[in-house]
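All values reported here derive from a predicted model rather than from experimental measurement. Chain letters run A, B, ... following the sequence lines, proteins first, then strands; residues in each count from 1.
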2 protein chains.
Amino acid sequence: MKKVRTVEWKNGRVVMLDQRLLPNREVYRIYKDPKDVIAAIRDLVVRGAPAIGVSAAMGLALGAQKLPKDRFAKEFEKLCRAFAAARPTAVNLFWAIERMRRLVEANGQLSVETLRKMLEAEAIAIYREDLDANRRLSEFGAELLPSKGTVLTHCNAGGLATAGIGTALGVILAARDAGKKLSVFADETRPVLQGARLTAWELKKARAPVTVITDNMAGHFMQQGMIDAVVVGTDRTAANGDVANKIGTYAVAVLAARHGIPFYVAAPTTSIDLNCPDGSKIPIEERAADEVSHFHGKPSTPKGVKVANPAFDVTPAKLVTAIITENGVAKGGYKRNLAKLVRASGPVAPAAPRKRTKAR
Amino acid sequence: MKKVRTVEWKNGRVVMLDQRLLPNREVYRIYKDPKDVIAAIRDLVVRGAPAIGVSAAMGLALGAQKLPKDRFAKEFEKLCRAFAAARPTAVNLFWAIERMRRLVEANGQLSVETLRKMLEAEAIAIYREDLDANRRLSEFGAELLPSKGTVLTHCNAGGLATAGIGTALGVILAARDAGKKLSVFADETRPVLQGARLTAWELKKARAPVTVITDNMAGHFMQQGMIDAVVVGTDRTAANGDVANKIGTYAVAVLAARHGIPFYVAAPTTSIDLNCPDGSKIPIEERAADEVSHFHGKPSTPKGVKVANPAFDVTPAKLVTAIITENGVAKGGYKRNLAKLVRASGPVAPAAPRKRTKAR
């Protein structure tokens, strides 16, 4: 499988495919200022939890190059905080920042020049590990899918959401490559249309049969017996197996459960937050109203009418058939099993931001 | 409540508000050729089951004015068939055509001049009856809603879907006028955005608090305890209480059931098809792909990618808390209770088109 060039480190620059312009134009942005990388994360040039993590690591490596030597550690900490404020839900962002931050903290005795090189190497390592995790996760997941049938996915958890071949789409394509006869239904995924724009674009490139549907059609096609499995990604999965993912995932999970259709979550361990006890503690980002009220700059709601735009929702663990990681698959018993799978990747990072209260 | 001027008979012409241009422009079309009325129904200048019925009746009255006297009955029958081919799901279309057809059949001995006047009067009667049915249905439905809270609706079953004040929105506004403190969440209703464009427009005009959400958010807000009731319209309800309505209604009903939220269907008796035993026999219209793949003429899916576009789905009767008609409310026991409510309006029309097979 040829991988999508979502985010890369090239000659001391961060290069990103501008996903806002897909599928109509394929434009690469070259960033030399970390502030522009933060804006790229915030404005969805790059999105998808693993890709956000890689982008933040590369953005910090970029920033480190220019930070003044005399107050390097202090300025680096400031930059870490600026990256952490870009988006609230995907835990990979905080995980990647934490890895970079620890490197600086643990090596204060070294020269800034050396630190800069180490940070660059660490960002590239995070990128390579994500690529590798995608591959292993995809192979574990491929075994779960039926030998033929139709798989529904929501949003985009493909190569465009990662450094590699993707998580949910990686699973589907690995199953296809293993000889399974699968076609895909892709929810268009309002409001930002990651399914219609990105998942369809990737699957078309991979020559995998795909049909785009509006989000509200998924239940109908399940009722018609046309969906055999669901695979989605995750922005943050809590220690108990509650899954935060793109808005609409919860509805798909409820519908899948009603129709007895397995509901799989492709979750690299970098997106599992063992410090977060359950889904009620995951902060849900509220994005700008015009994502819902406008298309191509033109309004589709009357002027002045209120809209809501929560970007994620939480699917309770009991609706999740299995969680697929690069270290293996958990089928229920998530509290114990997720901890085991995450610890297989190394020590657990400290807590990422959480919601202050349960109420929204 | 001031009613929306959806479709009217004016000086021997059919006048329609062009709903395709809402909410940005309020343009009225004046039709003098019945073929243009058929096109208006097909192309969604007018939509909503009751409004389609009224439009077809007026279109037939319009056509009758010009049909040659020497083969009037034969040509009228041809015109009836042309109207019947405009859209397949809403039973009101076939119901209204049947009423006009019977008038001609029963009065073959009268002069064509007299028949034309009778057809015009019948179309206006259908319009007035719809207006009246809206009003009575709304009052019955208003009693079911809580004294305060938030009501979710899907698509548009407002004045724009009828000749009058609407069915589902009529219920909500009548409850408000009766002193209930209600706000509305409106699903935007992809692909044609009747919720974002039309329901929001009507509720804003009626000064009722409304929040537009994407279809895939409904489950999340139910999970958050923010939805107290659901009210939707219907394009055709079968004798057993299975409800065909805008695509996505089924998913809303499944989610409502999971959260213990009452799910009400506002169904004037003209939309109940006693000749149709259950939902599997209701033909589901498949509309053009570009409704899903394009926004404002610009593609949002990659070129050549397949899309599906079923315009309706079927909610099984067991998920429906109550069906509200202008003759009263049925709470379960639909087979017996719907027949009783429909017959209170007069004799039942013969069968409308149905699906030939169960499979889609």
Side-chain angles (χ1 to χ4, degrees), chain A residues 22-24 154 185-191 193 196-197 200-201 203-205 209-221 223-224 246-255 257-258 284 292-293 295-310 312-314 316 360, chain B residues 22-24 154 185-191 193 196-197 200-201 203-205 209-221 223-224 246-255 257-258 284 292-293 295-310 312-314 316 360:
Chain A
L22 289 176
N24 300 318
H154 187 73
F185 267 45
D187 279 349
E188 65 172 3
T189 317
R190 284 280 291 147
L193 298 169
R197 297 189 303 107
W201 182 82
L203 291 175
K204 192 190 170 197
K205 278 205 165 208
V210 57
T211 302
V212 172
I213 61 173
T214 60
D215 301 296
N216 59 19
M217 291 175 189
H220 171 70
F221 286 113
Q223 190 191 37
Q224 302 285 315
K246 180 56 52 198
I247 188 74
T249 302
Y250 171 62
V252 173
V254 167
L255 288 161
R258 185 173 182 94
I284 301 294
V292 172
S293 62
F295 282 106
H296 299 309
K298 284 191 199 175
S300 55
T301 53
K303 218 175 166 175
V305 162
K306 201 174 147 192
V307 310
N309 190 12
F312 304 95
D313 60 25
V314 174
R360 284 198 64 236
Chain B
L22 290 176
N24 300 318
H154 187 72
F185 267 45
D187 279 349
E188 65 172 5
T189 317
R190 281 282 291 148
L193 298 169
R197 298 189 302 108
W201 183 82
L203 290 175
K204 193 189 169 198
K205 278 206 165 208
V210 57
T211 302
V212 172
I213 60 172
T214 61
D215 301 296
N216 59 19
M217 292 175 189
H220 170 70
F221 286 113
Q223 191 190 36
Q224 301 286 314
K246 181 56 52 197
I247 188 74
T249 302
Y250 171 62
V252 173
V254 166
L255 288 160
R258 184 171 183 94
I284 300 294
V292 173
S293 62
F295 281 107
H296 298 311
K298 284 191 200 173
S300 55
T301 54
K303 218 175 165 174
V305 163
K306 202 174 147 192
V307 310
N309 190 12
F312 304 95
D313 60 25
V314 174
R360 283 197 66 234

**Prompt:** When only pairs under 4.5 Å are counted, which of Ala196(B), Gly219(B), Ala186(B), Pro191(B) shares the most heavy-atom pairs with chain A?
**Reply:** Ala196(B)
**Message:** Heavy-atom cut-off 4.5 Å, strictly under: side chain, backbone, both or neither for Pro302(A) against chain B?
**Reply:** both
**Asked** Any idea which of Arg197(A), Met217(A), Lys246(A) has the most non-hydrogen atom pairs under 4.5 angstrom with chain B?
**Response** Met217(A)
**Item:** Residue part contacting chain B, namely of Arg258(A), when any heavy atom lies under 4.5 Å
**Value:** side chain
**Complete:** Rounded to the nearest 0.5 angstrom, the CZ-CD distance for Arg190(A) and Glu188(B) is 4.0 Å
**Asked** Do Thr189(A) and His154(A) come close enough that some side-chain heavy atom pair is under 4.5 Å?
**Response** yes
**Message:** Which residue in the set Ile247(A), Val314(A), Asp313(A) passes side-chain contact (heavy atoms from CB on, under 4.5 Å) when paired with Ile284(A)?
**Reply:** Val314(A)
**Prompt:** For chain B, which of Ser300(A), Gly304(A), Ala200(A), Ala257(A) has the most heavy-atom pairs under 4.5 Å?
**Reply:** Ser300(A)
**Asked** Which atom pair, heavy atoms only, marks the closest approach of Pro310(B) to Phe221(A)?
**Response** CG-CZ, 3.8 Å
**Request:** Answer with side chain, backbone, both or neither: which region of Lys298(A) has an atom nearer than 4.5 Å to a non-hydrogen atom of chain B?
**Result:** both
**Prompt:** Got more than 12 heavy atoms from elsewhere within 6.0 Å of NZ, Lys306(B)?
**Reply:** no
**Request:** With a 4.5 angstrom heavy-atom cut-off, could you sort out which part of Asp215(A) is near chain B: side chain, backbone, both or neither?
**Result:** side chain
**Asked** Less than 4.5 Å apart, any side-chain heavy atom of Val292(A) and any of Ile213(B)?
**Response** no
**Request:** Measure distances from Leu193(A) to the heavy atoms of chain B and classify the residue's part below 4.5 Å as side chain, backbone, both or neither.
**Result:** side chain
**Request:** Looking only at non-hydrogen atoms, find the nearest pair between Pro316(B) and Gln223(A) and report the distance.
**Result:** CD-NE2, 3.9 Å
**Prompt:** Among Thr301(A), Leu255(A), Asn216(A), Asn24(A), which residue forms the greatest number of heavy-atom pairs with chain B at distances under 4.5 Å?
**Reply:** Asn216(A)
**Message:** Which atoms of Phe312(A) are under 4.5 Å from chain B, going by heavy atoms: the side chain, the backbone, both sets, or neither?
**Reply:** backbone
**Request:** Output the option from Ala218(A), Ala251(A), Ala308(A) having the highest count of non-hydrogen pairs under 4.5 Å with chain B.
**Result:** Ala308(A)
**Request:** Please look at Asn309(A) and chain B and tell me whether the side chain, the backbone, both or neither of the residue comes under 4.5 angstrom of a heavy atom of that chain.
**Result:** both
**Asked** According to the interplanar angle, ranging from 0 to 90°, do the rings of Phe295(B) and Phe295(A) count as parallel (below 30°), tilted (30 to 60°) or perpendicular (above 60°)?
**Response** parallel
